[in-house]
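This report concerns only the one structure given below.
This is a predicted model, so every value here is computed, not measured.
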Amino acid sequence: MPTGQKILLANTDLRFEYGLGRDLATRLGLLLPHVRVGTVGRGEKRLVRREDIDRLMQRAAQENVELWELAKGHTPETLQVWLEQPGSVN
């Protein structure tokens with residue numbers, strides 16, 4: 001990993017680094033394993049590991065699945081099961 005690259009990403013990071021919209025970034029942040037920080041001011045943040053979002057993006061591209069399809073069709077538990085299943089052979 002390049003020096004200075006964040007390991008934990010907030011919704012804003014997901015939006016700018018991965019080009020996701022606000023709603024999709026929020027939904028993926030709820031589905032992926034996350035840690036909640038802060039409750040003062042603007043509310044809490046959910047931070048996801050870069051490794052988890054990268055794995056999701058790679059698997060979605062491999063399976064040719066739309067991210068919104070994943071976001072709408074899964075719970076945190078079912079998304080983890082999908083990520084852990086062997087990928088299809090192209």
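In this structure, the side chains of Asp52 and Pro33 come closer than 4.5 Å at one or more pairs of heavy atoms. Contact of the Arg22 side chain with the Asn11 side chain is not registered, since no non-hydrogen atoms from C-beta on lie closer than 4.5 Å.
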For this session: Report the C-alpha distance between Lys6 and Asp13 in whole Å, list the side-chain angles of each, state the deciding distance to 0.1 Å, and finish with yes or no for side chain to side chain contact (heavy atoms under 4.5 Å, CB included).
Result: CA-CA 9 Å; Lys6 293 180 181 180; Asp13 300 318; 3.0 Å; yes
For this session: Carefully, step by step, assess Lys45 and Arg36 under the rule side chain to side chain contact (heavy atoms under 4.5 Å, CB included).
Result: CA-CA 6 Å; Lys45 280 185 182 180; Arg36 290 182 276 179; over 6 Å; no
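To the nearest 0.5 Å, atoms CG (Leu28) and CH2 (Trp68) are separated by 8.0 Å. In this structure, the separation between CG on Leu24 and CD on Glu66 is 10.0 Å, given to the nearest 0.5 Å.
A salt bridge links Glu63 to Arg59: one of the charged nitrogens lies within less than 4.0 Å of a carboxylate oxygen.
Residues Arg15 and Gly21 approach most closely at CG-O, 4.0 Å, considering heavy atoms. Here the shortest heavy-atom pairing between Leu70 and Leu31 reads O-CD1, 4.0 Å.
Within the 3.5 Å criterion, the main-chain N or O of Arg46 finds no donor-acceptor partner in the side chain of His34. A donor-acceptor contact shorter than 3.5 Å links the side chain of Arg27 to the backbone of Ala71.
The hydrophobic clustering, which links ILVMFWY residues whose side-chain heavy atoms are closer than 4.5 Å, places Leu14 and Leu47 apart. With hydrophobic clusters built from ILVMFWY side chains whose heavy atoms lie under 4.5 angstrom apart, Leu8 shares a cluster with Val37. Side-chain heavy atoms closer than 4.5 Å link hydrophobic residues (I, L, V, M, F, W, Y) into clusters, and following such links, possibly through other members, connects Leu9 to Met57. There is a path of hydrophobic side-chain contacts, each under 4.5 Å, that joins Leu32 to Val65.
Within a 6.0 Å sphere centred on CD of Glu17, other residues, nucleotides and ligands contribute more than 12 heavy atoms.
Partner of Tyr18 under the side chain to side chain contact (heavy atoms under 4.5 Å, CB included) criterion, chosen from Leu67, Leu56, Ile53: Ile53.
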